[in-house]
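Everything on this sheet refers to the single structure shown next.
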Protein chains: 2
Amino acid sequence: MTVTGSRGRRERLRAETTAEIKKVALDLMASGGPDAITLRAIAREMGMTANAIYGYFATRDDLVTTLINDVYTALADAVDAAWEAAPATDPAVRIEAWANAFRTWALVNPQGFRLIYGDPVPGYQAPEGGPAPDAARRVCTGLTALAAAAWPHAQRLYQGSTFDWSDFDPGLLDKVRPAFPDLPPAAVALALRLWGHLHGLVSLEVYGHLRTQTASPEKLFQEELAQLTQTLGIPRGR
Amino acid sequence: MTVTGSRGRRERLRAETTAEIKKVALDLMASGGPDAITLRAIAREMGMTANAIYGYFATRDDLVTTLINDVYTALADAVDAAWEAAPATDPAVRIEAWANAFRTWALVNPQGFRLIYGDPVPGYQAPEGGPAPDAARRVCTGLTALAAAAWPHAQRLYQGSTFDWSDFDPGLLDKVRPAFPDLPPAAVALALRLWGHLHGLVSLEVYGHLRTQTASPEKLFQEELAQLTQTLGIPRGR
DNA sequence: ACCGAAACTTCACGGCGTATAGTTTCTGCA
DNA sequence: TGCAGAAACTATACGCCGTGAAGTTTCGGT
């Protein structure tokens, strides 16, 4: 009956319901794709009416934005964890760990990948600055860590390049430059190019465009990684 | 009043209406994204009832499949034309022409790119073997031409690789092997990897994921191409 | 005990794909 | 030339969707 106890109960119930809405939405997405995320289906699953959800999320797009944030954060956690777990002494292994974690997460959560990187849901309009700027930055920062690990060996590839700090988003640089003070602009460009390599193969695979052409996307991806570390000039072994 | 004249008229009207449906659908897509492709909106635009469209396409998905085919074919035409127009004597220029045509087409037709490579339309189910197998194969074959042009210089990168013909789709190989009889399996793997590189950067750009990080996706892409030809060991100039 | 807010329901609107049935219009043949 | 039949199209209906407005229930705080 204390003030905090009472208000705490209200808030706790509210938080629980919010969590259940998100959980049900993610379950629906996992089984039926992002398209299956509908307020009415969520409410049905929860034994409520669709309008009850408006007490927790202003619009469906708000809910979707929150989901994207959660899912994108989970992806960022996964790749960060893989990076941390790999030995800091072996850049090649670390880069491959990051990349394999990225691909594996995408294959395990294909609908989540679509939610983040594809057209999430019919008619969805992302908010200003993207639906999950923080998670996106975390992934980008992780990529920059790959680039930083590779940079001592790879910088020779960027002799003639003309990248400048002004080519990149200040918000990204705010996170990246303090973490890697010695890195030049070209290394950030390298990070984004790495992203392109990985994203391209993985998204072709997730969307089924590779399946029609090859039986072994896995082999393709591992070959990509092998060539990548080799091209960047990263020594293998400890 | 001849038999052929009469039947010709019917068929001509039918063909015209079919073409108008597709044109209106593509216009709607261009202005409102793939989501805007709805039978009711198309019919509204044409002064018809939505159900009238069922006389021309069995379901909405059938219409979408046809659209994907048309759009994918247009993309294939664009990249093929760029490839043909570039001098056969300079592989680096030819590869860059192909890649730039790919990116340019995607930036000019972002909604088309989404239609082909993303989740096309709410609830759309692609038919067996993909919506546009021929166009997809054409693009893949074009990529293999890039790989073939690069192969004499790049094959050293695939010394230890273990690719086999059985790793790839027979339907793809039927088109590719006659055209490039001397090419080993690893070269097809290279083609798919090239696809990944280009697709990754372009799709990140089209879906706005790069915009949040860099002001110059163009520079990034050109750098990618420069490194690509360099890595593959393709000599520049004639 | 009671007030007020929060949580939730009910009803309604317009949009969607599409199945069924009915209507108009045109073609080809006797 | 007239008419059967097919083709083109409309009307109506069903269940799905997001969402707004208004009404009802529930419950913590005084």
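Just so it is clear: chains get the letters A, B, ... in the order the sequence lines come, proteins before strands, and each one is counted from 1. What's counted below: heavy atoms across the whole structure, side chains too, no hydrogens, waters or symmetry copies.
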To the nearest Å, how far apart are A:Leu13 CG and C:dA7 P? 9 Å
Atom CG of B:Asp35 and atom C1' of C:dG17 are separated, to the nearest Å, by 15 Å
Once you round it to whole Å, what is the distance between C1' of D:dA7 and CD of B:Glu16? 16 Å
Has B:Arg44 got a side-chain N or O lying under 4.0 Å from the OP1 or OP2 atom of C:dG14? no
Distance check needed: D:dC16 P versus A:Ile37 CD1, whole Å only. 19 Å
In whole angstrom, give the distance that lies between atom CZ of A:Arg40 and atom C1' of C:dC8. 15 Å
Fit a plane to each ring of B:Tyr207 and B:His209, take the angle between them on a 0 to 90° scale, and name the class: parallel (under 30°), tilted (30 to 60°) or perpendicular (over 60°). parallel
Taking atom types as modelled and ignoring hydrogens, do the side chains of A:Ser166 and A:Asp164 form a donor-acceptor contact shorter than 3.5 angstrom? yes
For the pair made of CG in A:Leu39 and P in D:dC16, what is the distance, rounded to whole Å? 15 Å
Name the closest nucleotide to the A:Met48 side chain, picking from D:dT19, C:dC8, D:dC9. C:dC8
Within the structure, does a side-chain N or O atom of A:Arg14 lie under 4.0 Å from either OP1 or OP2 of D:dG28? no
Contact class for B:Thr38 vs. all strands (heavy atom < 4.0 Å): base, sugar-phosphate, or nothing? sugar-phosphate
Please name all residues satisfying side chain to side chain donor-acceptor pair (under 3.5 Å) with B:Asp27, sequence neighbours left out, ordered by chain then number. B:Lys23
Any residue of residues 52-69 of chain A with a heavy atom less than 4.0 Å from an atom of DNA chain C: A:Ala52, A:Tyr56
Salt bridge (charged side-chain N to carboxylate O under 4.0 Å, His left out) assessment of B:Lys219 paired with B:Glu223: CA-CA 6 Å; B:Lys219 207 184 278 187; B:Glu223 183 72 23; over 6 Å; no
Figure out the CG/C1' separation between A:Asn51 and C:dC11, and round it to whole Å. 10 Å
What's the CD-C1' distance between B:Gln125 and C:dG17, to the nearest Å? 14 Å
Count the heavy atoms of every other residue, nucleotide or ligand shown that sit under 6.0 Å from CD of A:Gln125, and state whether that count exceeds 12. no
Against A:Phe113, only a single residue in A:Leu107, A:Val206, A:Val108 fulfils side-chain contact (heavy atoms from CB on, under 4.5 Å); can you say which? A:Val206
